[in-house]
Every structure is written in structure tokens, then in C-alpha cells.
Amino acid sequence: MTERLAATPSGIATAARILQDGGLVAFGTETVYGLGGDATQPAAVARIFEAKNRPRFNPLISHFASAEAAFTQVQASPLAQKLAEKFWPGPLTLVLPRATGSTVSDLAADGLSSLAVRVPRGEAVLALLEEVGRPVAAPSANRSGRISPSDASHVLEELSGRIDAVLDTGPCAVGLESTVLDLTNPERPCLLRPGGVSVEELEAVCGPLARPETEADAAPLSPGRMLSHYAPSLPVRLNATSVGPQEGLLAFGPTPPTGAAVTWNLSPTGNLEEAASRLFSGLRFLDSQQPTFDLTGLAVQPIPEQGLGLAIQDRLRRAAAPRPAEPDAP
């Protein structure tokens, strides 16, 4: 049962506790209603993808109560500081390099070295984020591919029974997703997604904006795009039912095959939410074991292609895709 909470101090406190405990709470911003989960808890982030029935993982925007809080998680350039002063709180998302001490989970960032951050506008949502005291990952609070919700009733139509609560902050003022601006190259600000802050407003601060040449160019960095590019350095072999002595095994379920040099089990009980929450940790751990065990590759057990299994399989297929050839050294 999804609880509908009023945007009162009591309702906000209840919503904050749910988020801190790893639950999911939808809340209104000036753009659309977001489906929030604690970005530092991989299991909570996995629940977001499950609730949305999202077939792939992609970077999620992390929301903060202030620019100061946001900039603890990223490397903020002078231009980022200037844009934050002008447009935050507001419908602008900045993509910046992750800070060394960032606590946002790999699953929320899709394994990238950058993060998408914003400070939304709205008294209730800022009070909620302040009380949570952690980054809150929040894509739009609708099932994947459906219309974004601009009212609490829209959220309940889409997600009732799939999330813990919705904080009813009333109709959204903008009703359009945030603009996403890539600042990972401070010399070349790049518009990844148009939205609630206009190009003209941004260019008055930044100068002319670059545009991705193709959808694929934008995809690795921007929420709402599907491509991702983190992959282990070792070759990945999918749907493995046996494993060699120089392979690391990414296992799933209670009876993994034996014989691997080293094993990481995504979920010994076969739970897909647990598997999703442990996916990036598992890939990174096995990749790090190459020098110790002289690994030649990673083998991955079959994952059921249902629910979050679809997203896990999609991510693994991209991890297993052939890498571009390295250019010859000069």
C-alpha cells in the first residue's frame, strides 16, 4: 500500500525516514514528480529501477538541498558555481566529474566517472532533502516509457503499490523535465537535454553551447539516455554454465558452477533486486582480482530475463561488447 503524505512537517519527517531506511518516496518538484531513493544505498537505487519497470540502467540525477551539498559529490568548476548561483534552486541539472569522496552508489551513476546533480525548487522538497541529509536519486515517478507525472494523483495511478509513499506537494509549476548540461569539459559546455531552463538563458551565462553530434554521444552522461560505457578491463563471457580455472565468475543463485579462480555471487538466493544492487561492485571486484589470480576473463552465469533481470542482462551485454581498438602509440 502506497501512503499519501501531506506536505506538512510531520509528512516530510515521515518521508525522510522512509528514504533513510532504503524505501522509495515520490515527491513533487518544480519540474515533475520524482521517484526518490537514497542514492548512497545500491539496494534502494535497484528498487527505483524495479518500480519503474525500467529495462535498462542509466545515470540518475541526484538531488540536494543546496549547492554546497551537491558540490561535495562532484568537482565543481567556476562555471558550475556561476550557473548554480544563477539557476539553483531550479530546473537545471549539471553533469560534472565525481569527487574522490563521493558517496553516490555506482548503480545510481551507472558506473560512470561523472554525476548528474541538481537543487530543485520548492519549499517542501528542499525541506525533505535537508532532513534526509543524503543525495536522493530521483528519475520521474512513472513507469518507464509513460508520461511524466505532474501531480500526486498521476504518481498513484502509475506506481500505487510499487513504492512506499508519495509526498503530495501539489501540481508541478513547470511540468517539464530539467535541462541537462554537461560540464565535464569546462571549455565546452554541452547541452544534453533541453528542459526547464532555456538555451538562451544558459548561453547568457556560458556563451554558445555545444550539442552532441549524435544521440549516442549524449548517451553515456545524460539521464534519459540509454547507452553506458563502464566495462571491466577483462573480456566478459555471458550465460556461462561452466567456468575455467583462470576465469572469475559472476555468479547468480544457490548453485554456481565450480572451478573458477574467484567468485562473486550477485545473489545466492536468486533475488534480482539484490543482484542489481551488487552488479557494479561485483564487476569491479572481479576485475581487481586479475593480478592476484592471473585471470584471463570473466564468466557470467545466466540471469533470468524478467523484471530487473532485463536491466541486468542489458548492462552485462554492454559490458561484454567488443572494445574499440586502441590507437597505435606515436
Subject >> Side chain proximity check, Leu107 to Leu279, heavy atoms < 4.5 angstrom >> reply: no
Original post:
Where the side chain of Ser102 meets the backbone of Ala99, is there a donor-acceptor pair that is under 3.5 Å apart?
Top reply: no
Original post:
What about Leu83 and Val199, same hydrophobic cluster or not, with Ile/Leu/Val/Met/Phe/Trp/Tyr joined at side-chain heavy-atom distances under 4.5 Å?
Top reply: yes
**OP:** Indicate, with yes or no, if Leu316 and Phe285 share a hydrophobic cluster defined by side-chain heavy-atom contacts under 4.5 Å among Ile, Leu, Val, Met, Phe, Trp and Tyr.
**Re:** yes
**OP:** Would you check if there is a donor-acceptor pair between the side chains of Asn271 and Thr269 at a distance under 3.5 Å?
**Re:** no
Subject >> side-chain hydrogen bond (donor to acceptor under 3.5 Å, both in side chains) partners for Gln41, two or more places apart >> reply: Asp38
Original post:
Do you see a donor-acceptor pair shorter than 3.5 Å between the side chains of Thr31 and Thr29?
Top reply: yes
**OP:** Could you label the plane-to-plane angle of the Phe57 and Phe49 rings as parallel, tilted or perpendicular, counting under 30° as parallel and over 60° as perpendicular?
**Re:** perpendicular
Subject >> Steps toward side-chain contact (heavy atoms from CB on, under 4.5 Å) verdict (Leu295, Val262) >> reply: CA-CA 9 Å; Leu295 299 179; Val262 59; 4.1 Å; yes
**OP:** State whether the side chain of Arg118 and the backbone N or O of Gly90 hold a donor-acceptor pair below 3.5 Å, judged by distance alone.
**Re:** yes
**OP:** For Glu203 and Leu209, indicate whether the former's side chain and the latter's backbone hold a donor-acceptor pair under 3.5 Å.
**Re:** yes
Subject >> Value rounded to 0.5 Å, distance of CG in Asp106 from CZ in Arg98 >> reply: 5.0 Å
**OP:** May I ask you to check whether over 12 heavy atoms, not counting those of Glu123, lie within 6.0 Å of atom CD?
**Re:** no
**OP:** Walk me through it: do Asp182 and Arg188 pass the test salt bridge (Lys or Arg N to Asp or Glu O under 4.0 Å)?
**Re:** CA-CA 8 Å; Asp182 172 19; Arg188 188 178 179 270; over 6 Å; no
Subject >> Gln290 versus Ser233, side-chain donor and acceptor atoms under 3.5 Å >> reply: no
Subject >> Donor-acceptor contact below 3.5 Å, side chain Arg134 vs main chain Gln20 >> reply: yes
Subject >> Asp110 side, atom CG; Leu115 side, atom CG - distance, nearest 0.5 Å >> reply: 11.5 Å
Subject >> Any Asn265 side-chain heavy atom under 4.5 Å of Pro256 side chain >> reply: yes
**OP:** List the steps, then state whether side-chain contact (heavy atoms from CB on, under 4.5 Å) holds for Phe87 with Val119.
**Re:** CA-CA 9 Å; Phe87 296 110; Val119 179; over 6 Å; no
**OP:** Please test Phe280 against Ser105 for side-chain contact (heavy atoms from CB on, under 4.5 Å), starting from the C-alpha separation and ending with a verdict.
**Re:** CA-CA 9 Å; Phe280 284 100; Ser105 70; over 6 Å; no
Original post:
Should Val243 and Leu266 be counted in the same cluster of Ile, Leu, Val, Met, Phe, Trp and Tyr side chains packed under 4.5 Å apart?
Top reply: no
Original post:
How long is the gap from CZ on Arg162 to NZ on Lys52, to the nearest 0.5 Å?
Top reply: 10.5 Å
Original post:
So do the side chains of Asn142 and Ile147 get within less than 4.5 Å of each other, counting heavy atoms only?
Top reply: no
**OP:** Of all the heavy-atom pairs spanning Trp88 and Ala67, show the shortest one and how long it is.
**Re:** CE3-CB, 3.7 Å
Subject >> Shortest non-hydrogen contact between Val32 and Ser140, atoms and distance >> reply: CG2-CB, 4.1 Å
Subject >> Residues in side-chain contact (heavy atoms from CB on, under 4.5 Å) contact with Ala13, at least two apart in sequence or another chain >> reply: Arg17, Glu131
Subject >> Sidechain-backbone polar pair: Thr2 side chain, Ile163 backbone, donor-acceptor under 3.5 Å >> reply: yes
Subject >> Donor + acceptor pair across side chains of Arg193, Ser178 (<3.5 Å) >> reply: yes
Subject >> Full working for side-chain contact (heavy atoms from CB on, under 4.5 Å) between Gln73 and Thr103 >> reply: CA-CA 7 Å; Gln73 299 289 327; Thr103 58; 3.1 Å; yes
Subject >> Atom of Ala299, atom of Ala240 and distance for their closest heavy-atom approach >> reply: CB-CB, 3.8 Å
Original post:
Rounded to the nearest 0.5 Å, how far does CD of Glu50 lie from OG of Ser277?
Top reply: 12.0 Å
Subject >> Atom pair CG (Asp168) and CG (Leu5), whose distance is rounded to the nearest 0.5 Å >> reply: 9.0 Å
Subject >> Donor-acceptor contact below 3.5 Å, side chain Tyr33 vs main chain Thr169 >> reply: yes
Original post:
Does Leu250 share a hydrophobic cluster with Val236, counting links as ILVMFWY side-chain heavy atoms below 4.5 Å and allowing steps through other members?
Top reply: yes
Original post:
Do Gln313 side-chain atoms and Ile303 backbone N/O form a donor-acceptor pair below 3.5 Å?
Top reply: yes
Subject >> Nearest heavy-atom neighbours spanning Ala26 and Ala141 >> reply: CB-CB, 4.0 Å
Subject >> Considering all heavy atoms, the nearest Asp294-Gln246 contact >> reply: O-NE2, 3.1 Å
Subject >> From Thr93 atom OG1 to Ile61 atom CD1, the distance as rounded to the nearest 0.5 Å >> reply: 3.5 Å
Subject >> 4.5 Å side-chain heavy-atom contact, Pro149 and Leu159 >> reply: no
Original post:
Tell me, which pairs form a salt bridge (charged side-chain N to carboxylate O under 4.0 Å, His left out) where one or both residues lie in residues 247-266, sequence neighbours left out?
Top reply: Arg237-Glu247
Original post:
Does the side chain of Glu3 reach to within under 4.5 Å of the side chain of Asp164, using non-hydrogen atoms?
Top reply: no
**OP:** For atom CZ of Arg317, decide whether the heavy atoms of other residues, nucleotides or ligands shown that lie under 6.0 angstrom number more than 12.
**Re:** yes
Subject >> Side-chain donor or acceptor of Asp21 paired with backbone N/O of Gly23 under 3.5 Å >> reply: no
Subject >> Validation row: Pro42, Arg278 side chains within 4.5 angstrom (heavy atoms) >> reply: no
Subject >> Side chain Ser114, main chain Leu96, donor-acceptor under 3.5 Å >> reply: no
Original post:
Taking the side chain from Thr179 and the backbone from Gly196, do they hold a donor-acceptor pair closer than 3.5 Å?
Top reply: yes
Original post:
Do you reckon Val45 sits in the same ILVMFWY cluster as Leu308, going by side-chain contacts under 4.5 Å, direct or chained?
Top reply: yes
Original post:
Is the Phe27 ring parallel, tilted or perpendicular to the His63 ring (thresholds 30°, 60°)?
Top reply: perpendicular
**OP:** Report yes if some heavy atom in the side chain of Leu272 is under 4.5 Å from a heavy atom in the side chain of Ser267; otherwise report no.
**Re:** no
Subject >> Considering all heavy atoms, the nearest Leu79-Cys206 contact >> reply: CD1-SG, 4.0 Å
